[in-house]
Amino acid sequence: MGHMDHFSAGWVTPVLSYAMACVGSALGLRCTVRALEADGASKRNWLLLASLAIGSGIWTMHFIAMMGFSVDGTPIRFDVPITVLSLLMAVAVVAAGVFTAGYGRSRVMSVVLGGLGTGLGVAAMHYTGMAALNLHGDVDYDPMLVIASVAIAVVAATAALTLTLIVRGPVLATAAALVMGLAVSSMHYTAMYAVNISLAPSSAALPGATATEFIFPLAVLLGSFLFLAAAYVALSPTGKRHESAAAAQLLREVELTTA
């Protein structure tokens with residue numbers, strides 16, 4: 001069995017990965033709130049941005065953390081198509097949960113189903129991403145820890161949506177993002193401790209790309225997207241501000257008409 005080190009790069013990778021998970025979660029949850037204040041195409045667009053934010057945030061968290069993962073006795077490579085698939089899967093499954101939360105008539109049921117979908121999206125992304133792992137050996141998992149990792153993701157995602165959609169407030173919004181970030185990070189490291197690797201030493205070249213060749217550039221790209229999207233959300237008027245501006249414009253038109 002190969003000895004695994006989850007922190008071969010020190011504490012930089014877990015701290016940075018947690019920060020990216022919190023940024024993606026904060027942005028996604030904020031976009032979900034904006035969606036509840038909107039209608040029509042605007043509502044759909046906010047929910048799409050929320051899905052992209054949370055999906056890319058959890059993907060970035062996972063693979064930044066994986067840059068600190070090493071196994072004695074074998075190099076590690078990542079299958080590029082499967083790695084990209086894990087990103088698309090994260091966005092797609094999270095979108096199912098976010099759209100359920102955004103369009104549901106019952107707020108409680110929306111939170112429950114949305115948390116389930118979002119949590120499963122986190123888990124699906126992680127285990128698809130792990131399927132992209134190429135090394136000299138076989139990877140298997142402790143079933144109980146796998147179940148625990150999925151449960152952590154679902155419960156914490158539901159708690160984050162509860163704080164965001166049912167109990168409103170800036171302090172709780174920040175807490176929701178921290179909870180969601182903690183959910184993603186906790187799920188990741190619980191799932192990684194479920195991993196068992198049986199080495200099969202070989203001198204053959206492994207297919208795929210190293211983390212620095214592919215994952216790091218893509219993580220930087222997605223991180224830049226998250227920060228730019230966060231700036232856009234911060235500068236966009238809220239639903240209430242938009243309504244106030246529209247009402248003021250209407251009042252001016254009435255005054256011009258009657259003058």
Side-chain angles (χ1 to χ4, degrees), residues 17 20-33 35-36 43-66 78-104 109-133 141 145-162 164-165 176-177 179-192 194 215 218-219 221-223 225-226 229:
S17 63
M20 294 308 301
C22 288
V23 170
S25 300
L27 177 58
L29 293 172
R30 186 57 189 161
C31 289
T32 304
V33 171
L36 297 179
K43 185 184 190 74
R44 180 201 63 213
N45 292 339
W46 279 119
L47 291 174
L48 283 173
L49 184 55
S51 304
L52 287 170
I54 296 175
S56 59
I58 62 179
W59 186 95
T60 304
M61 178 273 144
H62 171 81
F63 282 103
I64 287 178
M66 288 301 293
F78 295 89
D79 183 288
V80 174
I82 296 178
T83 301
V84 174
L85 175 63
S86 70
L87 172 60
L88 299 177
M89 181 175 293
V91 174
V93 181
V94 168
V98 168
F99 272 78
T100 299
Y103 282 101
M109 187 57 65
S110 295
V111 166
V112 171
L113 294 177
L116 177 63
T118 303
L120 290 178
V122 175
M125 179 283 305
H126 176 90
Y127 287 106
T128 304
M130 287 300 293
L133 203 66
Y141 299 91
L145 286 176
V146 170
I147 293 172
S149 69
V150 176
I152 288 171
V154 171
V155 171
T158 303
L161 283 175
T162 300
T164 302
L165 303 182
V179 167
M180 188 69 180
L182 183 62
V184 178
S185 296
S186 298
M187 184 273 161
H188 172 85
Y189 286 107
T190 301
M192 291 307 295
I215 292 172
L218 187 54
L221 179 64
L222 291 176
F225 158 73
L226 289 175

Report task. Determine the minimum heavy-atom distance between A191 and H126, stating which atoms define it. Result -> CB-NE2, 3.2 Å

Query raised in the report: Out of curiosity, T128 OG1 to D79 CG, how far, rounded to the nearest 0.5 Å?
Result: 12.0 Å

Report task. Report yes if the side chains of L116 and T158 come closer than 4.5 Å at any heavy-atom pair, otherwise no. Result -> no

**Report entry** Worked check of side chain to side chain contact (heavy atoms under 4.5 Å, CB included) between M187 and I58
**Finding:** CA-CA 10 Å; M187 184 273 161; I58 62 179; over 6 Å; no

Report task. Apply the test side chain to side chain contact (heavy atoms under 4.5 Å, CB included) to residues F63 and T83: give CA-CA distance (whole Å), side-chain angles for both, the deciding distance (0.1 Å), then the verdict. Result -> CA-CA 9 Å; F63 282 103; T83 301; 3.7 Å; yes

Requested in this report: For A124, check side-chain contact (heavy atoms from CB on, under 4.5 Å) against everything at least two apart and list the hits.
Outcome: M89

Query raised in the report: G181 and S25: which non-hydrogen atoms are nearest, and at how many Å?
Result: N-OG, 3.8 Å

Report summary line: One should read off an interatomic distance between L52 CG and L47 CG, to the nearest 0.5 angstrom, of 11.0 Å

Report summary line: Of all heavy-atom pairs linking S86 and G129, the shortest is CB-N, 3.6 Å

Query - M66 side chain near L133 side chain, heavy-atom distance below 4.5 Å - result: yes

Query raised in the report: Is the closest side-chain heavy-atom distance between L87 and L222 below 4.5 Å?
Result: yes

**Report entry** Backbone of L182 reached by a side-chain donor or acceptor of S185 within 3.5 Å
**Finding:** no

Report task. With sequence neighbours excluded, tell me which residues meet side-chain contact (heavy atoms from CB on, under 4.5 Å) with V155. Result -> none

Requested in this report: Grab the two heavy atoms, one from A95 and one from S51, that are nearest each other, plus how far apart they are.
Outcome: CA-OG, 3.1 Å

Requested in this report: Say whether, by atom type as modelled, one donor and one acceptor occur between the side chain of W59 and the main chain of V84 under 3.5 angstrom.
Outcome: no

**Report entry** Nearest heavy atoms of A53 and L226, plus distance in Å
**Finding:** O-CD2, 3.5 Å

Report summary line: Tightest non-hydrogen contact, residues A123 and V150, listed as CB-CG2, 3.9 Å

Query raised in the report: With sequence neighbours left out, what residues match F225 under ring-ring contact (aromatic ring centres under 6.0 Å, His included)?
Result: none

Query raised in the report: Is the closest side-chain heavy-atom distance between M125 and V94 below 4.5 Å?
Result: no

Report task. Report the distance from atom CG of L113 to atom OG1 of T100, rounding to the nearest 0.5 Å. Result -> 6.0 Å

